[in-house]
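Presented below is the structure to which this report refers.
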Amino acid sequence: MGEKHLRDLVAELLVCAFVGGWGSTVHAMLGEPKVRNGLSATPSEPTGSAQRLAAQNRPVGAPWTAQQTTLDTGTTVQEFSTANGIVFAVTWQGPVLPDLQTLLGKHFLAYAKTASQARENHRFGGAVLVTGPELVMHSGGRMRNFSGYAYVPALVPAGVNIADLLP
């Protein structure tokens, strides 16, 4: 993949971020501590509707917590964090693709590389699948119906079957 293609892809994604309404804040960043209101969150149980969601999906004593956020665009983002508060997986579902650069953090380049390679092979508009030691991700859908997930295999807590958490 050429540097020009990667620059073009990143530029296109940034344009989509502003034009497509990605202005909503996503608090999860893969591989980083949870952030709430601009401050690092201490490991704790989620509150409100996120707490109800976590209670439904999380076995008693599980080494992870779940928090769900609905963005201004109507897209729902769910973050899964270790007991230490590190986000190891995220999922999304909704009418607008969330800001993947913010959501994936330092893992965004692995996604951008795969998307750029697909574009070079004249594959446009299909699902993007990244499978590697740094990032596993699936993102697909069409206008008004996007969904996906991403996780860092090395951060998934011991004993957790990641397939049980993903859509």
Practice task
Kindly assign one of parallel, tilted or perpendicular to the pair Phe80 and Phe88, based on the angle between their ring planes and the thresholds 30° and 60°.
Solution key: tilted

For the [atom1] atom of [X] and the [atom2] atom of [Y], what is their distance to the nearest 0.5 Å?
X      : Y      : atom1 : atom2 : result
Tyr111 : Ser139 : OH    : OG    : 5.5 Å
Leu97  : Arg142 : CG    : CZ    : 14.0 Å
Met137 : Phe108 : CE    : CZ    : 8.5 Å
Lys106 : Leu30  : NZ    : CG    : 9.0 Å
Thr91  : His138 : OG1   : NE2   : 13.5 Å
Glu79  : Gln67  : CD    : CD    : 5.0 Å

Distance-minimising heavy-atom pair for [X] and [Y]:
X      : Y      : value
Leu135 : His107 : CD2-O, 3.6 Å
Pro63  : Ala158 : CG-O, 4.2 Å
Pro167 : Gly148 : CG-O, 4.4 Å
Ala150 : Trp92  : N-CZ3, 4.0 Å
Gly105 : Met29  : CA-CG, 3.5 Å
Pro153 : Gly132 : CG-O, 3.8 Å

Is the shortest side-chain heavy-atom distance between [X] and [Y] below 4.5 Å?
X      : Y      : value
Leu166 : Ile162 : yes
Val77  : Gln68  : no
Pro33  : Val87  : no
Thr114 : Val128 : yes

Exercise for the section: Without swapping roles, check the side chain of Thr82 against the backbone of Ile86 for a donor-acceptor pair under 3.5 Å. Expected result: yes

Practice task
Please check if the side chain of Thr75 supplies one atom and the backbone of Val96 the other of a donor-acceptor pair under 3.5 Å.
Solution key: yes

Handout entry: Any residue meeting side chain to side chain donor-acceptor pair (under 3.5 Å) with Glu32, in chain and number order, not counting sequence neighbours
Key = none

Fill in the blank from the handout: Per side chain to side chain contact (heavy atoms under 4.5 Å, CB included), Gln101 is matched among Asp99, Leu103, Leu104 by Asp99

Completion exercise
Here the side-chain hydrogen bond (donor to acceptor under 3.5 Å, both in side chains) pairs for residues 143-160, sequence neighbours left out, are Gln93-Asn145

